[in-house]
Student: 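Just passing along the structure, written as structure tokens.
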Amino acid sequence: MKRRKILCAWACSLACLPALSQTALAAPPAGRLLASNCFQCHGTNGSGGVEKLAGKSASEIVKELKEMQLKSTPKMMDKHARGYTDAEINQLANYLATLR
Ligand code: HEC
């Protein structure tokens, strides 16, 4: 009985470990890490917080963030937008545009 349990645990670890390590090693989609910052206020995956981001197109998000960067009396979101390079904005906008 005991031996069977050990055998079972051994077989299970052989079967499961490759799957687990693949999950851990798989690279996250580009832009997700940058966009995760937005979820603090805009809600997980861009909805459920202030202003819904999910469902917006990448070009809309890029346009809005770039306008915010140029505001002469920047408020919170405008200041936040200033922290990103053009490349980062494109990346996070492309990721956000995949969310519904
Ligand atoms: C600290 C909280 C906070 C974080 C973090 C934050 N936002 Fe915002 N965002 C706001 C608030 C509050 C508003 C609404 C007021 C305003 O426009 O200033 C807003 C507005 C917006 C709008 C305009 C929405 C509309 O429909 O008019 C966009 C686009 C936006 N945020 C994108 C982002 C993106 C992309 C990120 C991540 C890079 C982000 N925000 C991170 C608080 C935040």
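Counting convention: from 1, in listed order, for ligands and their atoms alike. From a predicted model like this one, the values you see are computed outputs, not experimental measurements.
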Student: Quick one, list the residues around ligand 1 where some non-hydrogen atom comes in under 4.0 Å, by chain and residue number.
Tutor: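 Around ligand 1, where the cutoff is 4.0 Å for heavy atoms, the contacting residues are Asn37, Cys38, Cys41, His42, Val50, Glu51, Leu53, Lys56, Glu64, Leu65, Met68, Met76, Met77, His80, Tyr84, Leu92, Leu96.
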Student: Just so I know, are the side chains of Val50 and His42 near enough to count as touching, which here means a heavy-atom distance under 4.5 Å?
Tutor: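 In short, these two side chains touch, coming nearer than 4.5 Å.
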Student: Among pairs that include at least one residue of residues 52-86, which meet ring pair (Phe, Tyr, Trp, His ring centres under 6.0 Å), considering only residues two or more places apart or in two chains?
Tutor: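 Every ring pair (Phe, Tyr, Trp, His ring centres under 6.0 Å) pair that includes a residue of residues 52-86, provided the two are not neighbours, is His80-Tyr84.
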Student: Of the non-hydrogen atoms in Asn45 and Leu99, which two are nearest, and what is the gap between them?
Tutor: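 That closest heavy-atom pairing would be O-CD1, 3.5 Å.
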Student: Minimum heavy-atom separation for Glu64 to Lys56, with atom names?
Tutor: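 Heavy atoms of Glu64 and Lys56 come nearest at OE1-NZ, 3.3 Å.
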Student: Taking NZ, NE, NH1 and NH2 as the nitrogens, is one of them in Lys71 or Glu67 under 4.0 Å from a carboxylate oxygen of the other?
Tutor: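 The answer is no: the pair does not qualify as a salt bridge.
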Student: Taking all atoms of both residues into account, what is the closest heavy-atom pair of Ala35 and Tyr95, and its distance?
Tutor: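 That would be CB-CD2, 3.7 Å.
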